[in-house]
Amino acid sequence: MTSTPGYLYLNVINLALKLSFHLHDYIIHLPILTKWANQEILIPGLPIKNKPENLLVYYNPDFIEQLEIQKRCCLGIYTCNGVSHTAFHFGQPRILLDPQFKKILWLSRWKENPGDCININTNVEDIVKLTVTNIQ
């Protein structure tokens, strides 16, 4: 979640639902922030209808509690934000939905591992395939 223009993955709810379906033996954690830096974050697809049991949704969660969950996850999917950098330093495998994909100045300054990055406009089905391949 982010309030930075261009950094919110607009299909996050659909992605979480499809990951839950394809990875039914895994728990999918989805923290939802509805406000950041005094700005409302409008997330397409809310409220979630027919939520699968293996999809845990946290609305405006405690940051430290989410870091504890994050440390135990086998893979994280992030947009480029502080939590994605934390994931790298935890040693967590990640997929970074990158709004600055392949822009060299951004790569040299902000991307610890460009191999984690895919274009933020990548479709849900391809992200699901990549995630399933990386986990199984």
Side-chain angles (χ1 to χ4, degrees):
M1 299 297 120
T2 181
S3 58
T4 304
Y7 281 69
L8 180 65
Y9 184 64
L10 297 177
N11 293 313
V12 67
I13 303 302
N14 190 24
L15 176 60
L17 290 168
K18 288 192 178 194
L19 286 170
S20 298
F21 175 77
H22 288 283
L23 296 168
H24 49 82
D25 291 334
Y26 290 83
I27 296 171
I28 308 301
H29 297 274
L30 179 62
I32 300 280
L33 295 179
T34 59
K35 192 173 189 176
W36 182 257
N38 293 319
Q39 294 180 25
E40 297 293 324
I41 301 173
L42 300 176
I43 300 139
L46 289 180
I48 299 173
K49 298 176 180 140
N50 302 319
K51 186 183 79 55
E53 287 185 24
N54 66 328
L55 175 59
L56 301 182
V57 181
Y58 310 86
Y59 290 94
N60 300 306
D62 179 80
F63 184 73
I64 300 301
E65 288 175 12
Q66 288 301 302
L67 286 179
E68 291 300 323
I69 292 169
Q70 179 187 17
K71 288 192 301 190
R72 296 189 311 266
C73 290
C74 63
L75 185 136
I77 302 173
Y78 305 95
T79 189
C80 186
N81 60 28
V83 179
S84 73
H85 300 296
T86 303
F88 176 82
H89 293 288
F90 283 159
Q92 181 190 55
R94 65 185 183 160
I95 296 171
L96 186 62
L97 306 176
D98 190 357
Q100 304 296 337
F101 186 63
K102 291 190 176 180
K103 293 183 180 174
I104 193 65
L105 296 178
W106 287 88
L107 284 172
S108 65
R109 173 63 176 98
W110 292 106
K111 306 304 188 268
E112 300 94 350
N113 181 1
D116 293 346
C117 300
I118 63 174
N119 191 309
I120 195 168
N121 296 314
T122 301
N123 68 54
V124 168
E125 289 75 19
D126 287 343
I127 297 170
V128 169
K129 286 179 195 173
L130 178 61
T131 304
V132 169
T133 299
N134 283 341
I135 289 179
Q136 297 181 334

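All values reported here derive from a predicted model rather than from experimental measurement. What you see below is based on every heavy atom in this structure, not just the backbone, and it leaves out hydrogens, waters and symmetry mates.
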Report the distance from atom CG of Leu75 to atom CD1 of Ile95, rounding to the nearest 0.5 Å. 5.0 Å
Is the closest side-chain heavy-atom distance between Trp106 and Cys80 below 4.5 Å? no
Locate the shortest heavy-atom distance separating Arg94 from His85; write the atom from each residue and the value. NH1-N, 4.0 Å
Nearest non-hydrogen partners of Lys35 and Asn60, listed with the distance: N-OD1, 4.1 Å
Do Leu15 and Leu23 share a hydrophobic cluster, counting only Ile, Leu, Val, Met, Phe, Trp and Tyr and linking them when any side-chain heavy atoms are less than 4.5 Å apart? yes
So, taking the atom named CG in Asn14 and the one named CG in Leu19, what distance separates them when rounded to the nearest 0.5 Å? 9.5 Å
Which heavy atom of His29 sits nearest to which heavy atom of Cys73, and what is that distance? CD2-SG, 3.8 Å
Ile135-Ile27 co-clustered via ILVMFWY side chain contacts under 4.5 Å: no
Roughly how far, to the nearest 0.5 Å, is the CG atom of Asp98 from the OG1 atom of Thr122? 9.5 Å
d(Glu125 CD, His22 NE2) to nearest 0.5 Å is 8.0 Å
Does Gln136, at its CD atom, have more than 12 non-hydrogen atoms belonging to other residues, nucleotides or ligands within less than 6.0 Å? yes
What verdict does the side-chain contact (heavy atoms from CB on, under 4.5 Å) test give for Thr79 and Leu8, after you've listed the backbone C-alpha separation in whole Å, the side-chain angles of each residue and the deciding distance to 0.1 Å? CA-CA 7 Å; Thr79 189; Leu8 180 65; over 6 Å; no
What is the distance from atom OG1 of Thr86 to atom CG of Leu67, rounded to the nearest 0.5 Å? 6.0 Å
Check: Tyr7 and Asn81 side chains under 4.5 Å, non-hydrogen atoms: no
Between Leu33 and Leu56, is there shared hydrophobic-cluster membership here, with clusters defined by ILVMFWY side-chain heavy atoms closer than 4.5 Å? no
Quick one, Tyr9 with Ile127, criterion side-chain contact (heavy atoms from CB on, under 4.5 Å). Give me CA distance, side-chain angles, the key distance, then yes/no. CA-CA 12 Å; Tyr9 184 64; Ile127 297 170; 3.3 Å; yes
Given Val132, Leu130, Thr131, the one that forms side-chain contact (heavy atoms from CB on, under 4.5 Å) with Val128: Val132
Identified side-chain hydrogen bond (donor to acceptor under 3.5 Å, both in side chains) counterpart of Asn123 within the set Asn119, Asn121, Asp126: Asp126
For the student: nearest non-hydrogen atoms of Ser20 and Ile28, plus distance: OG-CG1, 3.6 Å
Decide yes or no on side-chain contact (heavy atoms from CB on, under 4.5 Å) for Ile69 and Tyr58, but give the supporting numbers first. CA-CA 11 Å; Ile69 292 169; Tyr58 310 86; 3.6 Å; yes
Looking only at heavy atoms, what is the nearest atom pair of Ile32 and Val57, with distance? CG1-CG1, 3.8 Å
Going through the distances and angles, do Lys102 and Cys117 end up as a side-chain contact (heavy atoms from CB on, under 4.5 Å)? CA-CA 8 Å; Lys102 291 190 176 180; Cys117 300; over 6 Å; no
Can you give me the closest heavy-atom contact between Lys51 and Ile48, atom names plus distance? CB-CG2, 4.0 Å
Roughly how far, to the nearest 0.5 Å, is CG of Leu46 from CD1 of Ile13? 4.0 Å
